[in-house]
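When a ligand or atom number is given, it counts from 1 through the structure's own listing order. Throughout, numbering of the chain's residues begins at 1 and tracks the sequence.
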Amino acid sequence: MRIALISDVHGNLPALDAVLEALAPFDAVWQMGDVVGYGPHPVEVIQRLQGLEALGVRGNHDAAAVGAIGTEWFNDAARIAVEWSARQLTDGASRWLGNLPSSRVEGEFTIVHGSPRDPLWEYLYSTSVARANFDAFETPYCLVGHTHVPLAFRALEDRVETILPEDGTVLALDQRRLILNPGGAGQPRDGDPRASGALLDTSAGTITWRRVPYPIAATQEAMRRAGLPRRLVDRLDLGL
Ligand code: ZN
């Protein structure tokens, strides 16, 4: 089975569509949360994922957009965007978002947004945080998002290895335990503005990262029309 792995779409429909096209053909879509927030197309992105019967989890922005958590921990721009997103949601979109669990297990994979021990908020950036999290899930592999950075952590006997995947990087799933991040689809933060995603091939036993250009200007124009904060518009060009 070929599964498209998508995280942190953040209401950016052109980015989502570019990633999906690059990963096609696939049999399923799994998403690691933050479907909405920041970007101008929250409802369209939800509808696209509904149409693909995507499985996934909620991120902190999703939880805030449906009122499941407050926005006091968000910075000003993020709070303005999440409140704007909440106002756009249709009943159906809001129900779909509100029904996303904070973690789920699919076969050999645990799926969360932040980290297995703190699914909504913890950022998995460092080997020390990764090491502490390998005890917090039971499957061989864990899929995360939240940092908007493509990353893999592999548990070796005596240490945790960090892998920084680039476009085309392939990693074998060989039962050594891994924490995997497909990168940010709708708001990359590693200095590369191209949308990020990954393809899981369960029969080949591989995961392949992809970076794809998308029409950033189209998303920025829609953000300006929506009156979203300038800082959020500008950062898409920088991938930061
Ligand atoms: Zn996010």
Side-chain angles (χ1 to χ4, degrees), residues 4-16 18-19 29-42 44-46 48-49 54 56-66 68-86 88-89 93 96-98 100-104 111-116 118-126 129 133 142-151 179-198 209 211 214 216 219 223 228-229 231-236 238-240:
L5 305 179
I6 309 280
S7 190
D8 298 278
V9 180
H10 281 295
N12 187 342
L13 187 66
L16 173 62
V19 174
V29 177
W30 293 354
Q31 65 82 17
M32 280 90 246
D34 278 0
V35 173
V36 304
Y38 298 130
H41 310 115
E44 294 90 335
V45 163
I46 289 170
R48 180 75 84 248
L49 293 174
V57 295
R58 61 167 54 172
N60 50 317
H61 290 254
D62 304 324
V66 297
I69 60 169
T71 54
E72 61 271 22
W73 300 105
F74 288 81
N75 65 44
D76 285 349
R79 188 177 61 247
I80 289 165
V82 90
E83 288 168 356
W84 178 87
S85 303
Q88 312 308 310
L89 295 181
W96 184 87
L97 208 55
L100 292 173
S102 48
S103 76
R104 66 189 302 152
I111 306 172
V112 295
H113 179 60
S115 77
D118 184 357
L120 272 198
W121 288 106
E122 186 172 46
Y123 288 94
L124 263 163
Y125 269 125
S126 69
V129 176
N133 270 285
C142 181
L143 297 167
V144 303
H146 197 38
T147 61
H148 303 201
V149 174
L151 267 174
I179 296 173
L180 302 157
N181 189 326
Q187 194 203 72
R189 287 184 191 162
D190 59 349
D192 181 345
R194 294 177 297 170
S196 189
W209 277 263
R211 295 306 285 263
Y214 74 95
I216 294 175
T219 298
M223 290 173 80
L228 286 162
R231 193 167 89 76
L232 300 180
V233 178
D234 292 345
R235 73 188 296 180
L236 291 180
L238 307 172
L240 289 173

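- Residue L240 comes nearest to G191 through the heavy atom pair CD2-N, 3.7 Å, listed as atom of the first residue, atom of the second, then distance.
- With a cut-off of 2.8 Å, the protein N/O/S atoms near the Zn ion (ligand 1) add up to 4.
- Heavy atoms of other residues, nucleotides or ligands lying less than 6.0 angstrom from CZ of R104 number more than 12.
- No more than 12 heavy atoms of other residues, nucleotides or ligands sit less than 6.0 Å from atom CH2 of W73.
- Contact between L120 and H113 at its shortest, heavy atoms only, is O-CD2, 3.8 Å.
- With sequence neighbours excluded, the residues satisfying salt bridge (Lys or Arg N to Asp or Glu O under 4.0 Å) with E122 are R117.
- In this structure, the side chain of W209 engages the main chain of N181 through a donor-acceptor pair within 3.5 Å.
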